[in-house]
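Chain letters run A, B, ... following the sequence lines, proteins first and then strands; every chain starts at 1.
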Amino acid sequence: MLTVQYFARFREELGTSREQLPMEGFESVECVLKHLSERGDNWARILGDGQQVQIAVNQDMARRHTPIKAGDEVAFFPPVTGG
Amino acid sequence: MLTVQYFARFREELGTSREQLPMEGFESVECVLKHLSERGDNWARILGDGQQVQIAVNQDMARRHTPIKAGDEVAFFPPVTGG
Amino acid sequence: MFEQIRVQTDDFDLSHEVKALREGHKDIGAVVSFVGTVRDVNDHADVAVLELEHYPGMTEKALENIRQKAHQRWPLQNSLIIHRVGEMRPCDQIVLVAVASRHREAAFEGAHFIMDFLKTHAPFWKKETLPDGTTRWVDARLSDDEAKKKWLKASENA
Amino acid sequence: MFEQIRVQTDDFDLSHEVKALREGHKDIGAVVSFVGTVRDVNDHADVAVLELEHYPGMTEKALENIRQKAHQRWPLQNSLIIHRVGEMRPCDQIVLVAVASRHREAAFEGAHFIMDFLKTHAPFWKKETLPDGTTRWVDARLSDDEAKKKWLKASENA
């Protein structure tokens, strides 16, 4: 399994903050994004190709090609605006 | 007349913090320095040619070639070390 | 015990924190602090409430990582990052970064570096509520990304 | 009345001063403060007492001049320089420079600029007393002069 988290605007617009995904041959973050964006409208609009998505894997900033494995915690969020 | 002030190490080593000098054709700070350094040992050592002397004229940082006139307040001191 | 990374809802006191930061380090000659505050106007609209969301766990890890990087890069005696979360109002303090060093150059650069990376690498998000009750998420500033890049460039040239 | 230039024997409170600096400016988003402190070790010798001498009249004029230059160069909402004179001891606060702006870049640069010019253009002199009672005047650091020059260079390139 994979834990996926959403924050801020993504959390609000996708209507969920956290879910478990079965590992379906996800080699990298890219595969997870592709899988999720196939869910339809909001998912494609927010997580689809060309969207500004920041990524964390196991609480470290990551990229689309970052490899993932079962048990990982993956998070998607808009560009951060702290400080 | 000219008011001349000395600060910090200069004040201590010259044994004076303030004096009045008659204006004897002093066109610039350079002339005053030359006049003072002719007083002898400590004066030559501290204010003579090639010494590191910082200068203020009327409470603004100045240079050796800064012109002066009667009534001016001239100050000589070592490089500042505040902060 | 002085915690160098704190994510909290409570406000903080600058004097108190800087004093604690210096405690036990007699060779500190310079402390640079940055305090970020809620402006009442952002992009030409009044702000009534600002809400700070974060990613618990990752936030602390990201901040500690940034802090460590600053210590690797400059000779710093101590440093501190406090970031508030939850609801804040105009003029409230949001963030404190304080850096202590023997000399001022390292303290200024270290604090500036931490703030620039905090802005781009720490998982915080701001949501504004306007006086009419409408809300909007604050957009990331392109200039923040550029501010971060100047440190990467400086590092390559070093 | 908030005095933006102060030369005093008394200590100061950082929180109090930063709060006063921000008072009435709701568009401030960033405050950078620098606190200089007495180190107990300078050039490998213990310091028991530090005495700060200054040039009354010129000091205030020089500090105000530096402050104005910073305001001309960056969009600053407010700024403050407090410099202590007289006798101080290790760990005592000597100087506070605090600068408030809408954004952090100007606040960091403005505070750093003021400190670099204060170090080379404000008439203060430090005299150390060592534990055995001997005294010595602190030498100016060459690096302070170089630090100032980087701003002149930046200005020429601008």
If one checks every heavy atom of B:D60 against chain D at 4.5 Å, the contacting part turns out to be both
Under the side-chain hydrogen bond (donor to acceptor under 3.5 Å, both in side chains) rule, what do D:N65 and D:K69 come out as? Steps first, then yes or no, please.
CA-CA 6 Å; D:N65 193 266; D:K69 278 210 173 75; 3.0 Å; yes
Which region of D:A62, side chain (C-beta onward) or backbone (N, CA, C, O), has a non-hydrogen atom less than 4.5 Å from a non-hydrogen atom of chain B, or is it both or neither?
neither
Stepwise ring pair (Phe, Tyr, Trp, His ring centres under 6.0 Å) test for D:F113 and D:W74:
CA-CA 10 Å; D:F113 173 94; D:W74 291 278; 5.2 Å; yes
Between B:W43 and B:Y6, does the ring centre distance come in under 6.0 Å?
yes
Between D:K149, D:K150, D:R141, which is the residue that forms a salt bridge (Lys or Arg N to Asp or Glu O under 4.0 Å) with D:D116?
D:K150
Proximal component of D:D145, with respect to chain B [non-hydrogen, under 4.5 Å]
neither
Is any side-chain heavy atom of D:E17 less than 4.5 Å from a side-chain heavy atom of D:L96?
yes
Most contact-rich option vs chain D, by heavy-atom pairs under 4.5 angstrom, among B:A8, B:A75, B:P79, B:A56, is B:A8
Between D:K127 and chain B, which part of the residue has a heavy atom less than 4.5 Å away: side chain, backbone, both or neither?
side chain
Using heavy-atom distances under 4.5 Å, tell me whether D:K126 contacts chain B through its side chain, its backbone, both, or neither.
both
side-chain hydrogen bond (donor to acceptor under 3.5 Å, both in side chains) test vs B:D72 passes for just one of B:T66, B:T3, B:N58, namely B:N58
B:E12, part contacting chain D, at a heavy-atom distance under 4.5 Å
side chain
